[in-house]
Protein chains: 2
Amino acid sequence: MARSKNTQFAVAVHVLTYLAGMADGGPVSSDELSESTNVNPVYVRRVLGPLREAGLVRSRPGVHGGWELATPAHDVTLARVWRLLQGADPVLGLHGPAPDCPVGRGIQRSLTALDSAVSDAVAAELERFTVHDVLMRQIEQPAKPAGG
Amino acid sequence: MARSKNTQFAVAVHVLTYLAGMADGGPVSSDELSESTNVNPVYVRRVLGPLREAGLVRSRPGVHGGWELATPAHDVTLARVWRLLQGADPVLGLHGPAPDCPVGRGIQRSLTALDSAVSDAVAAELERFTVHDVLMRQIEQPAKPAGG
DNA sequence: CAAACTGTAGTCGTTGTGATTACGAATCGA
DNA sequence: TCGATTCGTAATCACAACGACTACAGTTTG
């Protein structure tokens, strides 16, 4: 697939869910978060940066510092997190640069349009769930064979 | 950074569309295909391998050899191509391995289920189009802002 | 046999990803 | 004020994926 090894979205959702579970336990350090997610604390801070810019989380340095939610978990859709971290990248992988022959360019235009359509489909699916849903395990395996 | 890694799907769709456009012009060499797609001929052959196994294309070595469609273009959905080349890989990136804390494991289970749901959504979207649609430029930019 | 293809293994350079180290700035407690 | 804790961020490193490229064996046509 196009979207290969980037785990930022997964880490972000994991952390947000963890913070939602902690509720009012005060700020959580990136060190503690790194233990739950099994990734490096520096990486946690890097991933959380854009989420803080967007107002989803707060961070505070110092002795009793750390991270906490700045928005209720049921107000944070996964689509929002997705767009913040990976919305710019194409879901399908496009090839190219632009080929020489005009036929090839026409095909590439179609592929670009297709990528937009698929990206929207992904976003629409992620719009259905919030961090609160993840915390409550409300995401079920789809039983349908990808048709509908 | 702009484009994601794996371009096999894009190259495959490009080649299939090209072959569909050639209709009955006889086999097309991977060299000619590589010029339209702007990728290496060896890479073209490697990508086309699975499609041949699935009966979508035929290949013939020798002087007037090359590649041609083995299935009508309007019978080949893009979802089928997708599944052949990249259906196994996750759309979202999962992180891991399994964390130590049980809370983290529960979150990861949710994320795995979420990935299935999103993968199905991608497949469903790609099911709507065929190689023939790409050839006819029937794929339009979606106007909706990704909301249902 | 020679030419034109495919099939496939193998190597190589580039790039993305995340771990890790390092250090400065901010905050709290004594 | 001093020291401990934590964030913010840059720099570097190892690893893996991707795709270009080379090379060569096998197959078909003339």
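The chains referred to below are lettered A, B, ... by the order of the sequence lines, with proteins before strands, and numbering in each begins at 1. We use all heavy atoms of the structure for the numbers below, so side chains are in, but hydrogens, waters and symmetry mates are not.
Side chain of A:Arg45, nearest nucleotide from D:dT9, C:dT6, D:dG19: D:dT9.
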Apply side chain to side chain donor-acceptor pair (under 3.5 Å) to B:Tyr43 and B:Thr37, showing your working. CA-CA 11 Å; B:Tyr43 186 54; B:Thr37 53; over 6 Å; no
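In terms of modelled atom types and a separation under 3.5 Å, the side chain of B:Asp115 and the main chain of B:Leu92 share a donor-acceptor contact. Side-chain N or O atoms of B:Asp120 include none that pairs as donor or acceptor with a backbone N or O of B:Ala117 at under 3.5 Å. Side-chain N or O atoms of A:Gln108 include one that pairs as donor or acceptor with a backbone N or O of A:His95 at under 3.5 Å. For B:Arg60 (side chain) and B:His64 (main-chain N/O), a donor-acceptor pair under 3.5 Å exists by modelled atom type.
Rounded to a whole Å, the CG atom of B:Asn6 is 14 Å from the C1' atom of C:dG16. In this structure, A:Arg46 places its CZ atom 12 Å from P of C:dT20, rounding to the nearest Å. Atom CH2 of A:Trp67 and atom C1' of D:dT5 are 15 Å apart (whole Å). Note: CD (B:Glu32) to C1' (C:dA4) measures 14 Å, nearest angstrom. One interatomic measurement links the two molecules: CG of A:Leu48 to P of D:dC7, which rounds to 10 Å at whole-angstrom precision. The CD-P distance, from A:Gln8 to C:dG18, rounds to 6 Å in whole Å. Atom NE2 in B:His95 sits roughly 15 Å away from atom C1' in C:dA19 (whole-Å rounding). Remark: P of D:dG19 and CG of B:Leu85 are 11 Å apart, rounded to the nearest angstrom.
Proximity of B:Asn38 to the phosphate of D:dA20: no side-chain N or O atom is located under 4.0 Å from OP1 or OP2. At the phosphate of D:dA20, neither OP1 nor OP2 sits under 4.0 Å from any side-chain N or O atom of B:Tyr43. Using a 4.0 Å cut-off, no side-chain N or O of B:Ser29 falls inside it from OP1 or OP2 of C:dC5. OP1 or OP2 of C:dT20 lies within a sub-4.0 Å distance of a side-chain N or O belonging to A:Asn40. Phosphate contact (OP1/OP2 of C:dG18, side-chain N/O of A:Thr7, threshold under 4.0 Å): present.
Remark: the A:Ser110 side chain and the B:Arg137 side chain contain no N/O donor-acceptor pair separated by less than 3.5 Å.
Residues from residues 56-66 of chain B with heavy atoms under 4.0 angstrom of DNA chain D, sorted by number: B:Pro61, B:Gly62, B:Val63, B:His64.
Residue B:Val39 is in sugar-phosphate contact alone, with no base atom involved, counting any heavy-atom pair closer than 4.0 Å across all strands shown.
Between B:Val81 and B:Val76, the shortest heavy-atom contact is CG2-CG1, 3.9 Å.
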